[in-house]
Number of protein chains: 2
Amino acid sequence: MKGKTISEAVIRRLPRYFRYLEELAEKGVERIPSSRIASALRVTASQVRQDLCSFGGFGQQGLGYNVEMLKNEIADILGLTRSYNMIIVGFGNVGAALAGYMGFSKEAFIFKAAFDIDTDKVVPEGLKLYSIDKIEDYLANNQIDIAVICTPKAAAQSVAERLVAAGITKIWNFAPIELDLPENITLENTNMSASLYMLTYSRR
Amino acid sequence: MKGKTISEAVIRRLPRYFRYLEELAEKGVERIPSSRIASALRVTASQVRQDLCSFGGFGQQGLGYNVEMLKNEIADILGLTRSYNMIIVGFGNVGAALAGYMGFSKEAFIFKAAFDIDTDKVVPEGLKLYSIDKIEDYLANNQIDIAVICTPKAAAQSVAERLVAAGITKIWNFAPIELDLPENITLENTNMSASLYMLTYSRR
DNA sequence: GAAAATTTGTCAAATTTTTCACTATATTAA
DNA sequence: TTAATATAGTGAAAAATTTGACAAATTTTC
């Protein structure tokens, strides 16, 4: 299926493949068959092959896939080969957790600054904390790719509007509210509850 | 479509409907048409109607849906009308963020205890912190519905196995690793990176 | 070196999901 | 009271996704 555009469904699975391949690479695994990827991720081997084939087919019949090669290919598709400057707005528990989170690569995602009402909070080495009033100033003088909203629900919409007005086009929202923003803004919501509800919902 | 089983795709959207309906209810909105739900959630009105209809059709032609009624119905489907006792294993940034998170209803989800190597950490009022060695003891004496894993990557698999051995069947995993657990364990992964990667991936 | 085993790539079928188009019902305005 | 408007429910078409099956390529075994 080379040359075709990669479908939404495939893209959504890429982060999982990527993370698993990172794990394998760390362990020094060099090659892996689709069947093992499948069982680790609880999907079918056919799906893994179909997915991987949709952007090129890097496997080798009889052998499996080259872990390093596949990992790099996926990183490239996901845009992880460059770096992104980020700011966090609202430095409460969630903001602090993100700033300290070890799950994403430190090279690709650079937390430049955090903004909060309380500027006396303790922040990790290297991160600067400013008053939330300074957002516009800061954005006028610094090139920022992604803004993360971790404010309480009540503040989220107005903060989002200010960010957009200041030129931000990619927003990662952790506030538990549906933001109403222009179509051209790329908005990703991380609804922590959603995943939890899948545990309380009992299938069948 | 009454009577039919609710499809996977619909279930995954229910938490979003639910959160939006909570918002509306808070604002005192009594009725809402599918078209408004659709634009708020950036989906089509047709999909909203189809989804809601799949578990009963609580709307009224010409009028829209009753917010309170719909919210309760979804809460019921998602299993949010009872409460769940939870423990957090690994009380770092992420564990602390969850314990303090305001996004999910405090009635339904009760954080009973946290476990960490360092028992001197500060925990919120009402939550007890134990040494991670005490997990088995604790689970033998307390009825717990859901365990949340927030340990570093390296500890996650072994912690998960201990939880399963101690009788836990529902695990919410925040550690950035694919856990390998028996089929009968309900496992939900929250991969914080996944959502972020959707921002760095540029469509088209 | 031949046979057996492994494993990908890929086509096509099966299934699921989404969208469309229209009917029925309710409300509002004239 | 009637016409216009708004809106849910629903069957069916369309689109997207997943699964199954198998040929082709490669490695391993004997």
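In what follows, every chain begins at residue 1, and chains take the letters A, B, ... in the order their sequences are listed.
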Side-chain atoms of residues 57-72 of chain B: list all donor-acceptor pairs with protein atoms under 3.5 Å, sequence neighbours left out, distances to 0.1 Å.
unit_1, atom_1, unit_2, atom_2, d
B:Asn66, OD1, B:Glu68, N, 3.0
B:Asn66, OD1, B:Met69, N, 3.0
B:Asn72, ND2, B:Glu68, O, 3.2

From [atom1] of [X] over to [atom2] of [N], roughly how many Å is that when rounded to an integer?
{"X": "B:Ile11", "N": "C:dT17", "atom1": "CD1", "atom2": "C1'", "value": "14 Å"}
{"X": "A:Phe55", "N": "C:dT10", "atom1": "CZ", "atom2": "C1'", "value": "16 Å"}
{"X": "B:Ile6", "N": "C:dT16", "atom1": "CD1", "atom2": "C1'", "value": "16 Å"}
{"X": "A:Leu41", "N": "D:dT18", "atom1": "CG", "atom2": "P", "value": "13 Å"}
{"X": "A:Asp51", "N": "C:dG9", "atom1": "CG", "atom2": "P", "value": "12 Å"}
{"X": "A:Arg42", "N": "D:dT19", "atom1": "CZ", "atom2": "C1'", "value": "20 Å"}
{"X": "B:Gln50", "N": "D:dA15", "atom1": "CD", "atom2": "C1'", "value": "14 Å"}
{"X": "A:Arg12", "N": "D:dT18", "atom1": "CZ", "atom2": "P", "value": "10 Å"}

Handout entry: Closest-nucleotide 5' rank along DNA chain C - winner of B:Thr44 and B:Gln60
Key =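 That would be B:Thr44.
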
Handout entry: Given DNA chain C, 5'-ward residue of the pair B:Ala9 and A:Gln61, judged by closest heavy atom
Key =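 Final value for this comparison: A:Gln61.
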
Exercise for the section: Quick one: label B:Arg13 by what it contacts on the DNA or RNA (base, sugar-phosphate, nothing), any heavy atom closer than 4.0 Å. Expected result: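 If one applies the 4.0 Å heavy-atom cut-off, B:Arg13 turns out to touch the sugar-phosphate alone, with no base involved.
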
Practice task
Using a 4.0 Å heavy-atom cut-off across all strands, classify B:Ser34 as base, sugar-phosphate, or nothing.
Solution key: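 Contact class for B:Ser34: sugar-phosphate only.
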
Problem - Presence of B:Tyr65 side-chain N/O under 4.0 Å of D:dG9 phosphate oxygens OP1/OP2 - result: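 The answer is yes; a side-chain N or O of B:Tyr65 sits under 4.0 Å from OP1 or OP2.
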
Handout entry: Under-4.0 Å side-chain N/O to phosphate OP1/OP2 contact, A:Ser7 with D:dT17
Key =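 Yes, because at least one side-chain N or O of A:Ser7 sits under 4.0 Å from OP1 or OP2 of D:dT17.
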
Exercise for the section: On DNA chain D, check which nucleotide each of A:Gln47 and A:Gly62 is closest to and give me the residue with the more 5' one. Expected result: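 In this pair, the answer is A:Gln47.
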
Handout entry: Residue whose nearest DNA chain D nucleotide is more 5′ - A:Val10 or A:Arg49
Key =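 Its nearest nucleotide being more 5', the pick is A:Val10.
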
Practice task
State the CD-CD1 distance between B:Glu178 and A:Ile37, to the nearest 0.5 angstrom.
Solution key: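 Between B:Glu178 CD and A:Ile37 CD1, I get 11.0 Å after rounding to 0.5 Å.
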
Handout entry: Between B:Asn141 and B:Gln143: side-chain donor-acceptor atoms closer than 3.5 Å
Key =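 Note: B:Asn141 and B:Gln143 side chains miss the donor-acceptor criterion.
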
Practice task
Anything under 30° is parallel, anything over 60° is perpendicular, the rest tilted; go ahead and classify A:Phe109 against A:Tyr84.
Solution key: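 Answer is parallel, since the angle falls under 30°.
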
Practice task
May I ask you to check whether A:Phe91 and A:Phe115 place their ring centers less than 6.0 Å from one another?
Solution key: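 Distance test on ring centres: not under 6.0 Å, no.
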
